[in-house]
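A short worksheet on the structure shown next.
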Amino acid sequence: VVGCAVAYALARRGIAALLLEAEPGLALGASGANSGILHTGFDSPPGELETRLILRARALREQLMDELGVSSWRCGARLRPEGEAEHAAVARLAANALLNGVECRLEADGSQCVPGETVTDPVAFVHALAGAAQAGGASVRLNAPVMGLAPGPGGGLLLTLAGGERVSALAAVNCAGLFADEIAALAGDRPVEIYPRKGEFLVFAPPPQAPLREILLPVPSELGKGVLVFPTLDGHVIAGPTARERSDKRDWSVESDAAEQILAKARRMWPALTGVEPVGAYAGLRPAGRAGNYVIEPSRSLPGLIHAAAIRSTGMSASLAIGEHVLELLATAGAIERGSRERRLPAPASPGPRAWWERAAEHHAAA
Ligand SMILES: Cc1cc2nc3c(=O)[nH]c(=O)nc-3n(C[C@H](O)[C@H](O)[C@H](O)COP(=O)(O)OP(=O)(O)OC[C@H]3O[C@@H](n4cnc5c(N)ncnc54)[C@H](O)[C@@H]3O)c2cc1C
């Protein structure tokens with residue numbers, strides 16, 4: 001989603017872009033195996049780059065979601081605190097939301113409602129960005145892993161693809177998700193070490209007696225954000241994710257105790273799931289930075305290279321603003337002109353009828 005958002009931002013300004021994707025399809029990384037929630041930023045620490053980009057992206061979506069033709073459902077989210085400590089935590093979240101300018105309502109039953117939280121189809125979102133970028137002149141190449149990066153003979157950069165093909169570019173943006181640290185190393189940089197933080201989900205066919213019409217969020221604790229329960233646009237209900245620190249960047253398996261980790265929590269939050277068995281499961285690997293996230297900065301070694309690395313947990317929500325931010329960095333590096341006029345790009349076709357949550361899981365199981 002980060003690569004596609006950068007290509008889209010460039011295409012909107014009429015700047016030629018080439019997206020090089022290692023996999024045979026788009027959104028087979030974290031971007032296609034997440035919760036599909038467009039976060040408002042109500043719980044993000046005020047002032048941090050990640051928060052600023054989430055908030056900016058929210059404003060950009062108001063204008064661009066229709067243009068991109070991506071369906072979304074502003075169903076809102078609810079937190080139901082129990083006990084003194086959780087009520088205090090939710091009150092802190094409400095104060096945080098206020099600082100970020102995000103609407104957050106305390107209901108009469110003591111629950112906290114965030115009306116702006118929205119679900120979408122994350123795969124359709126990525127395809128829409130890429131499709132619109134292509135409509136604006138960008139090219140997308142699949143099965144095109146970048147294996148080398150060097151200064152170009154006459155300036156700019158020279159990228160080497162698997163198989164030896166060379167591609168020259170005025171500038172390049174490293175949006176390689178889990179592998180962004182390895183791409184950075186090709187240029188002689190170590191902006192951040194990236195490890196996979198696995199999140200597993202269980203998918204349910206909705207129990208007919210009570211459709212879920214909002215996102216149910218746990219009250220966050222020191223252990224993390226916890227398991228949420230949310231409806232999808234295609235009529236399913238998903239519970240997850242887990243949060244497991246792992247080291248194998250290619251292990252997308254749902255581990256044998258995932259149901260144990262998720263089911264009881266999910267059923268406590270939404271009792272309608274009691275006795276209902278999952279119809280599917282998938283895992284996503286968050287590209288987590290060892291010493292911090294949202295490492296978006298110019299290369300220290302290779303002029304013209306920008307890293308957009310360790311976009312761990314909110315990358316889809318922030319993606320439109322990440323694209324804009326990267327363009328600022330490219331302009332500062334002198335690779336593009338600042339302030340070129342934006343144009344509207346035609347809404348592209350959607351990726352097809354297959355459920356988004358099945359796609360990455362099947363791909364990685366077959367690999
Ligand atoms: C469990 C989970 C739940 C999440 N929930 C949400 C949510 O609800 N809302 C939200 O906003 N965010 C969520 N996120 C976070 C979001 O998914 C990520 O922040 C985002 O997908 C990161 O995007 P990316 O483009 O950096 O990485 P990726 O999606 O991993 O994309 C990187 C791409 O680079 C390609 N690549 C790698 N190496 C090379 C190479 N050498 N050459 C060419 N291409 C290469 C990969 O194949 C991949 O397609 C969640 C993530 C997970 C895992």
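Because the structure is predicted, anything quoted here is derived from the model rather than measured. Whatever order the structure lists ligands and atoms in, that order sets their numbers, starting from 1.
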Exercise. Could you work out the complete set of other residues in the hydrophobic cluster of Ile54, with links drawn between I, L, V, M, F, W and Y side chains under 4.5 Å apart?
Key: none
Exercise. Could you pull out every protein residue that has a heavy atom closer than 4.0 Å to ligand 1, ordered by chain and then number?
Key: Val1, Val2, Leu20, Glu21, Ala22, Glu23, Gly29, Ala30, Ser31, Asn34, Ser35, Gly36, Ile37, His39, Ala144, Pro145, Val146, Cys175, Ala176, Gly177, Phe179, Ile183, Gly199, Phe201, Pro241, Gly284, Leu285, Arg286, Ile311, Arg312, Ser313, Thr314, Gly315, Met316, Ser317
Practice problem: Could you verify whether a donor N or O on one side chain and an acceptor N or O on the other, from Thr118 and Arg61, lie under 3.5 Å apart? | Solution: no
Quiz item: Do Thr314 and Tyr294 meet the criterion of a side-chain donor-acceptor pair at a distance under 3.5 Å?
Solution: yes
Quiz item: Going by the angle between their ring planes, with limits at 30° and 60°, are Tyr282 and Trp356 parallel, tilted or perpendicular?
Solution: perpendicular
Practice problem: Any chance you could pull the hydrophobic cluster mates of Ile183, using side-chain heavy atoms under 4.5 angstrom and chaining through other members? | Solution: Leu18, Leu20, Val146, Leu149, Leu157, Leu159, Leu161, Val167, Leu186, Leu302, Leu305
What side-chain donor-acceptor pairs closer than 3.5 Å can you find for residues 64-80, not counting sequence neighbours?
unit_1	atom_1	unit_2	atom_2	d
Glu67	OE2	Arg12	NH1	2.7
Arg78	NE	Glu214	OE1	3.1
Arg78	NE	Glu214	OE2	2.9
Arg78	NH1	Ser111	OG	2.8
Arg78	NH2	Glu214	OE1	3.3

